2 protein chains.
Amino acid sequence: MRIDEVSEKSGLTPDTIRFYEKSDMLPAIARDQRGWRQFAPDDLEWLIVLARLRATGMPLKAVREFAASAQSAESETSTEQRKRLDLLRSHAETLSQRRAELEACEDYLNFKISTYTSKLGL
Amino acid sequence: MRIDEVSEKSGLTPDTIRFYEKSDMLPAIARDQRGWRQFAPDDLEWLIVLARLRATGMPLKAVREFAASAQSAESETSTEQRKRLDLLRSHAETLSQRRAELEACEDYLNFKISTYTSKLGL
DNA sequence: CTAGCGACTTGGAGTAACTCTAGGTCAAGT
DNA sequence: ACTTGACCTAGAGTTACTCCAAGTCGCTAG
């Protein structure tokens with residue numbers, strides 16, 4: 001697959017994908033004779049994982065650690081798997097706090113909207 | 001109130017508050033004889049509004065428009081109120097899309113965690 | 001009376017995570 | 001032969017803070 005295709009399938013822009021490659025978050029991506037990136041199906045899967053982690057607000061620093069663990073030679077040892085599990089778990093926790101906050105703000109926003117609506121007699 | 005106090009009560013850091021003042025998002029803040037900012041209760045209220053809008057991801061550009069409308073001489077005309085209502089409404093819509101996305105990603109994250117957990121026999 | 005403390009002040013540099021631009025390559029179509 | 005279109009790179013720009021250095025002011029303790 002070429003970069004545009006994985007971009008569409010992962011939801012990340014081509015620029016972001018190139019940026020992730022430069023930042024050591026992707027495994028080595030093959031190139032064709034023109035120098036274009038040739039993404040394997042696994043590469044796309046990996047980009048989708050990264051996109052989800054980022055979409056939930058995991059900082060790139062943590063994503064990079066996760067990537068480093070997944071791409072290390074010992075990636076399938078239980079030590080490394082445990083490391084990744086811990087990363088995900090701690091992220092899940094901040095995420096659920098974040099969501100509670102977000103919901104409170106959303107309620108407040110809807111309240112504001114309803115006061116404006118009634119003030120304007122709509 | 002001094003900056004530390006409004007910082008604590010609004011949840012914004014002093015630096016962020018100063019940054020918002022510089023970016024024309026606050027009304028004129030009084031100064032005492034030392035040159036320190038003296039926040040009125042209304043100023044704090046306004047900071048709390050801004051904090052909530054930002055916490056829900058409204059871009060500063062939109063927050064600035066909202067602030068400009070609220071601080072203009074015509075702020076209480078129905079045209080200006082309508083403008084603010086429209087801003088809040090369109091933000092509420094992007095917010096609810098964003099939340100759906102976030103929930104899908106959170107589900108995925110929990111799924112990932114459970115596969116790691118069972119792989120490690122925990 | 002002066003020395004130090006602590007909470008502020010400023011301008012400006014630094015950071016995170018993209019995002020965009022300029023300038024370039026290369027194979028394929030007209 | 002030339003243009004098109006999808007890619008390439010390095011590097012500058014953007015957003016929304018966040019941190020830092022250097023300075024000021026009023027207060028207290030010696």
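We name chains A, B, ... by the order of the sequence lines, and we start the count at 1 in each one. Everything numeric here is computed off the predicted structure, so don't read it as measured data.
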Inset, instruction - Check the distance between dC7(D)'s P and M1(A)'s CE and give it to me in whole angstrom. - result: 13 Å

With the criterion being N/O to N/O and under 3.5 Å, what pairs connect the protein with nucleotides 17-23 of chain D, and how long is each?
unit_1  : atom_1 : unit_2 : atom_2 : d
dC17(D) : OP2    : Y20(B) : OH     : 2.8
dC17(D) : OP2    : R54(B) : NE     : 2.6
dC17(D) : OP2    : R54(B) : NH2    : 3.4
dC19(D) : N4     : D15(B) : OD1    : 3.4

Inset, instruction - Sequence neighbours left out, what passes salt bridge (charged side-chain N to carboxylate O under 4.0 Å, His left out) with E8(B)? Give chain and number order. - result: none

Legend entry - Under-4.0 Å side-chain N/O to phosphate OP1/OP2 contact, R34(B) with dA7(C): no

Legend entry - Within residues 51-67 of chain A or reaching into it, pairs that qualify as salt bridge (charged side-chain N to carboxylate O under 4.0 Å, His left out) - sequence neighbours excluded: none

Inset, instruction - Any pair with a residue in residues 36-48 of chain A that passes salt bridge (charged side-chain N to carboxylate O under 4.0 Å, His left out), sequence neighbours left out, goes on the list, sorted by first then second residue, please. - result: E21(A)-R37(A)

Legend entry - Spacing of L50(B) atom CG relative to dA16(D) atom C1', expressed in whole Å: 14 Å

Inset, instruction - Describe the nucleic acid contact of P59(B) in one word from base, sugar-phosphate, nothing, applying a heavy-atom distance below 4.0 Å. - result: sugar-phosphate

Legend entry - Any donor-acceptor N/O pair, S10(A) side chain to L47(A) backbone, under 3.5 Å: no

Legend entry - Length of the line joining M58(A):CE and dA16(C):C1', which is rounded to integer Å: 16 Å

Legend entry - M25(B) CE - dT15(D) P separation (whole Å): 13 Å

Inset, instruction - Only counting residues at least two apart or in another chain, list the ones meeting salt bridge (charged side-chain N to carboxylate O under 4.0 Å, His left out) with E93(B). - result: none

Legend entry - Sugar-phosphate, base or nothing in reach of R18(B), heavy atoms under 4.0 Å: base

Legend entry - R2(B) CZ - dC27(D) P separation (whole Å): 11 Å

Inset, instruction - Quickly work out the E21(A) CD to dC7(D) C1' distance and round it to whole Å. - result: 13 Å

Would you be so kind as to tabulate the donor-acceptor pairs closer than 3.5 Å made by side chains of residues 111-122 of chain A, with sequence neighbours excluded?
unit_1  : atom_1 : unit_2  : atom_2 : d
S114(A) : OG     : F111(A) : O      : 2.8
T115(A) : OG1    : K112(A) : O      : 2.8
Y116(A) : OH     : R84(B)  : NE     : 2.6
T117(A) : OG1    : I113(A) : O      : 2.5
S118(A) : OG     : S114(A) : O      : 3.4
S118(A) : OG     : T115(A) : O      : 3.2

Inset, instruction - Determine: side-chain N/O of R37(B) to OP1/OP2 of dT9(C), distance under 4.0 Å, yes or no. - result: yes

Inset, instruction - Taking the side chain as every heavy atom from C-beta outward, state whether L109(B) and L53(A) have any atom pair closer than 4.5 Å. - result: yes

Inset, instruction - Calculate the interatomic distance between R31(A) atom CZ and dA27(C) atom P; express it in whole Å. - result: 15 Å

Inset, instruction - For the side chain of R64(A), starting at C-beta, report the closest nucleotide among dC8(C), dA6(D), dA17(C). - result: dA17(C)

Legend entry - Shortest side-chain distance from D4(A), nucleotide among dA10(D), dG26(D), dC7(D): dC7(D)

Inset, instruction - Could you check how far CH2 of W36(A) sits from C1' of dC26(C), rounded to whole Å? - result: 7 Å

